[in-house]
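What follows is a short report on a single structure.
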Protein chains: 2
Amino acid sequence: MLAEFETYLKTQANFTDDEVKQICSSAECKKLRRKEVLLREGDVCRYKIFVCKGLLRTYSTKPDGSEYIMGFAPEHRWTTDPESYHKQVPAAFTIDALEDSEVLLWNKVNFDGLYVSVPRLKEFSENIITQNLYRSQRRILSTISSSVEERYDEFVSTYPDIFARVPLHMVASYLGVSRETLSRIRHAQVKR
Amino acid sequence: MLAEFETYLKTQANFTDDEVKQICSSAECKKLRRKEVLLREGDVCRYKIFVCKGLLRTYSTKPDGSEYIMGFAPEHRWTTDPESYHKQVPAAFTIDALEDSEVLLWNKVNFDGLYVSVPRLKEFSENIITQNLYRSQRRILSTISSSVEERYDEFVSTYPDIFARVPLHMVASYLGVSRETLSRIRHAQVKR
DNA sequence: CAAAAACGAGGACATTTGTCACCGTTTTCA
DNA sequence: TGAAAACGGTGACAAATGTCCTCGTTTTTG
């Protein structure tokens, strides 16, 4: 599991072998079964998470039990509850596995410790956060400026790999519409 | 104008006098008139921006001329086009002033240079970015899980200072609905 | 100061979307 | 493997929202 992460680190940023070794040494490997929960809403998020294999989902639950999907994290994506991790406060989101998955975990103490021995990790980490910010902003612009159909098409073409692996009702939730609405849109598209 | 920023720096993070001086010395002060454009969509965003006085707006324009408001930046808020600044690529957003404003600007070379002389600035900067990420995520959750009326109430109570200073049609744009829809919601509320 | 622009509201109507109920198929898992 | 759950779709109807229009007031600006 670590081997895959090592090649990721070397291709993404050009960390040295020694730096890679350091980063790996403070990671915790964890296998997740489908539906297994990694972080529960209300708990403090203890980890930064890197997905080696599989697919994670981040969502929020309303009192009536309905779920709202904030995002998906497939292989080679980092994820966490940023606010909970950063400030060590109760999490707003639940993170669970949509497929059997393999993840690497770093707790805050260990990860912050790495900043000392691997200074460049700080830049790398900031890059990851900033990328998540771009993604969020694009999604916001998309929701306030585009029709549901346009947003659906955008999702399919931007994340074809994810689209192929998640049920449609989760895509609907991600887009902020009902299952039925998404179904109608798809139906209208096949006719064309 | 710098005096205000200095007190901000000392209260927010506890930078030393010397660090504050360093940070200020590479800033560029700029006064903006209402409606003046600081960054134009398509140009490369050269600056990190700190608002000392006034109110800035970030928005995106569609080919038909319609504007979609990504956010507002009042006093003591940092703003920029993150992707454009970070990667020095054409900006997706326009930033202009809704009121006569005073801002401080740092270009990427200068700001990155500060990381060397003021190492703690890196943490501080990452904090700002992470806060923006929280904010974006809350907004996304809000749009996919709440009614327009709830989102309107949330906006008013979360940003009462901003709400009092921007026209309603911009709030509507920010929420992703038409002016008329917002008008109806407000009308329904006064009756209660 | 006066003309022009911006602003907020409101009505009428079409369109989109949500909700509810139901159905058949596929997948899951004990 | 067999029952149960999950999944995707559909129709009917109500509710929410967009669009287009007009109107009167306020604000801006030359």
Side-chain angles (χ1 to χ4, degrees), chain A residues 32-37 54-55 57 59 61-62 64-69 72 96-101 142-153 155-156 162-192, chain B residues 32-37 54-55 57 59 61-62 64-69 72 96-101 142-153 155-156 162-192:
Chain A
L32 295 171
R33 296 230 187 118
R34 188 172 124 90
K35 298 195 178 177
E36 194 172 340
V37 173
L55 181 60
R57 162 182 72 148
Y59 65 95
T61 311
K62 283 254 172 142
D64 67 2
S66 50
E67 296 173 352
Y68 297 92
I69 295 187
F72 306 100
D96 67 1
L98 294 181
E99 306 173 353
D100 293 344
S101 305
S142 177
T143 42
I144 66 176
S145 73
S146 304
S147 69
V148 178
E149 181 168 1
E150 287 167 335
R151 281 151 52 204
Y152 169 72
D153 290 341
F155 179 81
V156 173
I162 295 176
F163 176 73
R165 292 154 72 183
V166 302
L168 288 174
H169 67 88
M170 290 193 191
V171 177
S173 170
Y174 179 92
L175 297 175
V177 297
S178 65
R179 303 179 290 120
E180 291 90 340
T181 296
L182 185 58
S183 185
R184 281 179 208 132
I185 287 167
R186 287 165 50 80
H187 179 72
Q189 288 188 339
V190 292
K191 288 207 288 200
R192 283 180 248 148
Chain B
L32 296 171
R33 296 230 187 117
R34 188 172 125 91
K35 299 195 177 177
E36 195 172 339
V37 172
L55 181 59
R57 164 182 71 148
Y59 65 95
T61 311
K62 283 255 174 141
D64 67 1
S66 50
E67 296 174 353
Y68 297 91
I69 295 189
F72 305 100
D96 66 1
L98 294 181
E99 306 172 353
D100 292 345
S101 304
S142 177
T143 42
I144 67 176
S145 72
S146 303
S147 68
V148 178
E149 180 168 1
E150 288 166 334
R151 281 152 50 204
Y152 169 71
D153 291 341
F155 179 81
V156 173
I162 295 175
F163 176 74
R165 293 154 72 184
V166 301
L168 288 173
H169 69 86
M170 289 192 191
V171 177
S173 170
Y174 179 92
L175 296 175
V177 298
S178 65
R179 303 178 292 120
E180 292 89 340
T181 296
L182 185 58
S183 184
R184 281 178 207 133
I185 285 168
R186 286 164 51 81
H187 179 71
Q189 288 188 337
V190 293
K191 288 208 289 201
R192 284 182 246 150

> B:R57 versus B:I69: any side-chain heavy-atom pair under 4.5 Å?
Replying inline: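 Yes, their side chains come closer than 4.5 Å.
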>> Would you say that A:F72 contacts A:M170 through its side chain, given a criterion of any heavy-atom pair below 4.5 Å between the two side chains?
In response: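 Answer yes - side chains close enough.
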> Does anyone know the first and last nucleotide of DNA chain C in reach of chain B, 5' to 3', at under 4.0 angstrom to a heavy atom?
Replying inline: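 Terminal contacting nucleotides, 5' to 3': C:dC7 to C:dA12.
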> In degrees, rounded to 10°, what is the bend between the two ends of the helix from C:dC1-D:dG30 to C:dA30-D:dT1, using five pairs at each?
Replying inline: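 So the angle between the two local helix axes works out to 70°.
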> What closest approach, in Å, do A:L182 and A:A172 show between heavy atoms, and which atom pair accounts for it?
Replying inline: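 Heavy atoms only, the tightest pair is CD2-N, 3.7 Å.
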>> Tell me whether the side-chain N/O atoms of A:S183 come closer than 4.0 Å to OP1 or OP2 in D:dG9.
In response: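 Checking D:dG9 against A:S183, a side-chain N or O does come within under 4.0 Å of OP1 or OP2.
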>> I want to check one thing: is the phosphate of D:dG9, taken as OP1 and OP2, less than 4.0 Å away from some side-chain N or O of A:H187?
In response: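 For D:dG9, OP1/OP2 do not have a side-chain N/O of A:H187 under 4.0 Å.
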> To the nearest Å, how far apart are A:M170 CE and D:dC7 P?
Replying inline: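 Distance check: A:M170 CE to D:dC7 P gives 6 Å.
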> Which whole-number value in Å describes the distance from A:L168 CG to D:dG8 P?
Replying inline: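 From A:L168 CG to D:dG8 P: 4 Å.
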> Any idea how A:F163 and A:F155 line up, ring-wise: parallel (<30°), tilted (30 to 60°), or perpendicular (>60°)?
Replying inline: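 The arrangement is perpendicular - the two ring planes meet at more than 60°.
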> What's the closest nucleotide to the B:E180 side chain, out of D:dG9, D:dC7, D:dC20?
Replying inline: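 Given the options D:dG9, D:dC7, D:dC20, the side chain of B:E180 is closest to D:dC20.
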Are there any protein N/O atoms within less than 3.5 Å of an N/O atom in nucleotides 24-30 of chain D, and if so, which ones and at what distance?
none

> Quick one: which of A:E36, A:R34, A:K35 gives a side-chain contact (heavy atoms from CB on, under 4.5 Å) with A:D100?
Replying inline: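 Testing A:D100 for a side-chain contact (heavy atoms from CB on, under 4.5 Å) against A:E36, A:R34, A:K35 leaves exactly one candidate, A:R34.
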